[in-house]
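Report on one structure; see the data block that follows.
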Amino acid sequence: MTDRPRFDLLLLHARIATLDPERDAGYGLIEDGALGCIDGRIAWIGRSDDVSPQTREQAARVVDAEQHLLTPGLIDCHTHLVFGGDRADEFEMRLEGADYAAIARAGGGILSSVRATRAASEDDLLAQALPRARDLLADGVTTLEIKSGYGLDLQTERRMLRVARRIGDALGITVRTSFLGLHALPPECADDAEGYVAEVCDRMLPTLAGEGLIDAVDAFCETIGFTPAQVRRLFDQARTLGLPVKLHAEQLSDQGGAALTASFGGLSADHLEYLSEDGVRAMAEAGTVAVLLPGAFYALRETKLPPIESLRAHGVPMAVGSDLNPGTAPMRSLRLAGNMACTLFRLTPLEALRGMTVHAARALGLGDRGLLAVGKRADLAMWNARHPAELSYWIGGRLNHRSYVAGRPV
């Protein structure tokens, strides 16, 4: 290579899976690759043989990757990792025959977590959430989405979103927040759904957005959640405030939530087991990402698969998230979600990896990461692996060798 500006970080002798479509339609592999970073961005990428001795000498930090696999840092685009307590008792209930709806009607489910979250201080919530976030980081994650939705009142929703921001600061990573006020009816509004929707739309959302705590707006559109009309009211307010939307859609039934989200140019529709062909077409036309959450499918022992073939046929980008939450997906590994996406949903390892990087970034509205190319943010994951398929092949275990966020080691 010709002489370049002094790199802050120069990685040599890596097997690089760039996922850059300009290289090829697959992993975009570079054998014995090298990557140079300046000011947190990728400034050069190529082969180690093309790096001059002078460039190596001038780099602030040189790392010999020793032929480890290098990929973009993983992106978990759907988590609920800030909550109080746990719901291990409900795990037992499900194994004894109770389904998701029955647990919810009995006052369990989301409302159980609401009670525990409301009772916890901000520092308590942070102390409980940090180990979960660190587990994801240890598995190669460098960007997280965290939802609210276990407060269901202004004070606790604010507390959850503040904790999400503090997690990003404490760990030195990007945390994108989603306001999930329409997650469930709080007990004090059990007989006044419209009153609660009005509170969320007219007071909670504008207030929290004004405090800079919200990056996107989410809701649970379901027979045991909120109606499409109620979600539309929320999305109208989000649009007024200039906030993007996403939706828990078609998990337990087809409510037309995905098409509704697409009509607002939504970032993503998530779950999608009951997604119709019309919903698929609407998402394809709008560019809305399908976020697959196999952890919840597994934990709930569901049998209806998302329409993967239809999503492929219409070119809908498919992301994969952990859905880390206390009730239906107590999963602290995004890589395990990738394995489940392959084994349960029949994604290919390439689709799973792109779902945890390129498409996950798109589901969060982040165009600066998710693949390795000049100008992209230098969020990197180095693996004790030779081939990218190993990331979804191995079940459990520690594969992450080290990670970098904006060119800095995590």
Side-chain angles (χ1 to χ4, degrees), residues 77-78 99-101 104 110 147 178 180 182-184 193 197 216-236 238-239 244-321 323 325 328-329 337 340-348 351-352 354-355 359-360 362-365:
C77 63
H78 185 125
D99 63 15
Y100 185 85
I110 293 168
K147 303 179 190 297
S178 294
L180 185 55
L182 294 190
H183 196 193
V197 171
V217 175
D218 199 347
F220 182 39
C221 186
E222 191 50 74
T223 56
I224 60 171
F226 294 88
T227 68
Q230 291 166 337
V231 172
R232 180 179 291 278
R233 178 175 178 179
L234 176 71
F235 283 5
D236 282 335
R239 175 183 282 170
V245 300
K246 53 180 52 195
L247 188 66
H248 289 63
E250 276 75 89
Q251 180 184 9
L252 305 173
S253 63
D254 182 8
Q255 299 297 305
L260 172 62
T261 306
S263 72
F264 280 83
L267 292 172
S268 71
D270 304 26
H271 286 292
L272 303 177
E273 282 85 337
Y274 286 80
L275 179 64
S276 69
E277 190 72 10
D278 287 345
V280 173
R281 284 195 292 267
M283 292 176 68
E285 292 171 4
T288 299
V289 177
V291 177
L292 305 176
L293 302 170
F297 179 92
Y298 167 84
L300 293 173
R301 296 184 292 175
E302 297 289 350
T303 57
K304 185 169 178 58
L305 295 167
I308 301 299
E309 288 299 332
S310 181
L311 292 166
R312 283 185 183 130
H314 286 86
V316 177
M318 293 182 287
V320 177
D323 195 18
N325 74 70
T328 61
M340 288 182 175
C342 293
T343 56
L344 299 177
F345 294 169
R346 303 297 190 268
L347 264 62
T348 67
E351 286 175 325
R354 291 180 67 83
H359 299 321
R362 183 171 172 177
L364 296 181

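Heavy atoms only: backbone and side chains are in, while hydrogens, waters and symmetry mates are out.
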Sorted by first residue and then second, give each salt bridge (charged side-chain N to carboxylate O under 4.0 Å, His left out) pair with at least one member in residues 288-298; sequence neighbours left out.
none

Can you find a pair of side-chain heavy atoms, one from [X] and one from [Y], that are under 4.5 Å apart?
X: Val245; Y: Val231; result: no
X: Met318; Y: Leu272; result: no
X: Leu247; Y: Phe235; result: yes

Under the rule for side chain to side chain donor-acceptor pair (under 3.5 Å), what residues qualify as partners of [X], not counting sequence neighbours?
X: Glu273; value: none
X: Glu222; value: Ser253
X: Arg233; value: Asp202

Scan for ring pair (Phe, Tyr, Trp, His ring centres under 6.0 Å) pairs involving residues 287-318, sequence neighbours excluded, and state none if there are none.
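For residues 287-318, and leaving out neighbouring residues, the ring pair (Phe, Tyr, Trp, His ring centres under 6.0 Å) pairs sorted by first residue read Phe297-Phe345.
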
Identify all side-chain donor-acceptor contacts of residues 258-265 below 3.5 Å with residues at least two apart in sequence or on another chain.
from: Thr261; atom 1: OG1; to: Gly257; atom 2: O; distance (Å): 2.8
from: Ser263; atom 1: OG; to: Leu260; atom 2: O; distance (Å): 2.5

For [X], which residues count as a side chain to side chain contact (heavy atoms under 4.5 Å, CB included) partner, sequence neighbours excluded?
X: Ala193; result: Leu185, Gln230
X: Thr303; result: none
X: Ala341; result: Pro294, Val320, Leu347

Quick check: closest heavy atoms across [X] and [Y], and the distance to 0.1 Å?
X: Leu267; Y: Ala363; result: CB-O, 3.4 Å
X: Gly321; Y: Val291; result: N-CG1, 4.3 Å
X: Cys77; Y: Ala360; result: CB-O, 3.7 Å
X: Gln255; Y: Pro228; result: O-CG, 3.3 Å
X: Ala296; Y: Gln251; result: CB-NE2, 4.2 Å

Applying salt bridge (Lys or Arg N to Asp or Glu O under 4.0 Å), name anything that partners Asp323, two or more places apart in sequence or on another chain.
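Expected list: none.
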
Residues at least two apart in sequence or cross-chain that pass salt bridge (Lys or Arg N to Asp or Glu O under 4.0 Å) with Arg232, listed by chain then number, are none

Quick one: [atom1] on [X] to [atom2] on [Y], what's the gap to the nearest 0.5 Å?
X: Leu182; Y: Phe220; atom1: CG; atom2: CZ; answer: 11.5 Å
X: Leu344; Y: Ile308; atom1: CG; atom2: CD1; answer: 10.5 Å
X: Leu293; Y: Asn325; atom1: CG; atom2: CG; answer: 9.5 Å

State whether Arg354 and Glu351 are salt-bridged, where the test is any N-O pair (Lys NZ or Arg NE/NH1/NH2 against Asp/Glu carboxylate O) under 4.0 Å.
no

Please output the side-chain donor-acceptor pairs of residues 279-290 that fall under 3.5 Å, not counting sequence neighbours, one pair per line with the distance.
from: Arg281; atom 1: NH2; to: Asp278; atom 2: OD1; distance (Å): 2.2
from: Thr288; atom 1: OG1; to: Gly266; atom 2: O; distance (Å): 2.9

If we count only N and O atoms by modelled type, under 3.5 Å, do the side chains of His78 and His248 hold a donor and an acceptor together?
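A donor-acceptor contact under 3.5 Å links the two side chains.
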
Decide yes or no on side chain to side chain contact (heavy atoms under 4.5 Å, CB included) for Leu275 and Leu311, but give the supporting numbers first.
CA-CA 10 Å; Leu275 179 64; Leu311 292 166; 3.9 Å; yes

How far apart are the C-alpha atoms of Thr223 and Leu252, what are their side-chain angles, what is the distance that settles it, and do they pass the side chain to side chain contact (heavy atoms under 4.5 Å, CB included) test?
CA-CA 8 Å; Thr223 56; Leu252 305 173; 5.5 Å; no

Let's go through Lys147 and Lys246 carefully: what are the C-alpha distance in whole Å and the side-chain angles of both, what is the deciding distance for side chain to side chain contact (heavy atoms under 4.5 Å, CB included) to 0.1 Å, and is it a yes or a no?
CA-CA 11 Å; Lys147 303 179 190 297; Lys246 53 180 52 195; 3.8 Å; yes

